[in-house]
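Following: one structure in structure tokens, then a few remarks.
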Amino acid sequence: MSDAPKSRPKVPEGKSRFLTTRQKEANEKGYVGYDTIWESFQKEQKYTTPKRP
């Protein structure tokens, strides 16, 4: 364990249909986080009031 590297290896950007994951830079404690970006998969329609009988 003592000869473990001090920095994490760079991970390539992960892509799926609606999700992209990117690795953040390490902070002062050595923690490496990840950004997750969601693409919208629902479409919004403008609301129209129903016809009155």
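Basis for what follows: all heavy atoms, side chains included, without hydrogens, waters or symmetry-related copies.
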Is there a side-chain contact between D35 and K24 (heavy atoms, below 4.5 Å)?
-> yes
Could I get the full list of salt bridge (charged side-chain N to carboxylate O under 4.0 Å, His left out) partners for E39, not counting sequence neighbours?
-> none
Which residues satisfy the salt bridge (charged side-chain N to carboxylate O under 4.0 Å, His left out) test with K29, sequence neighbours excluded?
-> none
Got a sec, which residues hit side chain to side chain contact (heavy atoms under 4.5 Å, CB included) with [X], two or more places apart in sequence or on another chain?
{"X": "F41", "result": "F18"}
{"X": "S40", "result": "none"}
{"X": "E13", "result": "K15, T20, R22"}

Going by the salt bridge (charged side-chain N to carboxylate O under 4.0 Å, His left out) test, which pairs reach into residues 43-53, not counting sequence neighbours?
-> none
Nearest-0.5 Å distance that lies between atom CG in L19 and atom OG1 in T36 = 6.0 Å
Please confirm whether the backbone N or O of Y34 pairs with a side-chain atom of Q23, one donor and one acceptor, at under 3.5 Å?
-> no
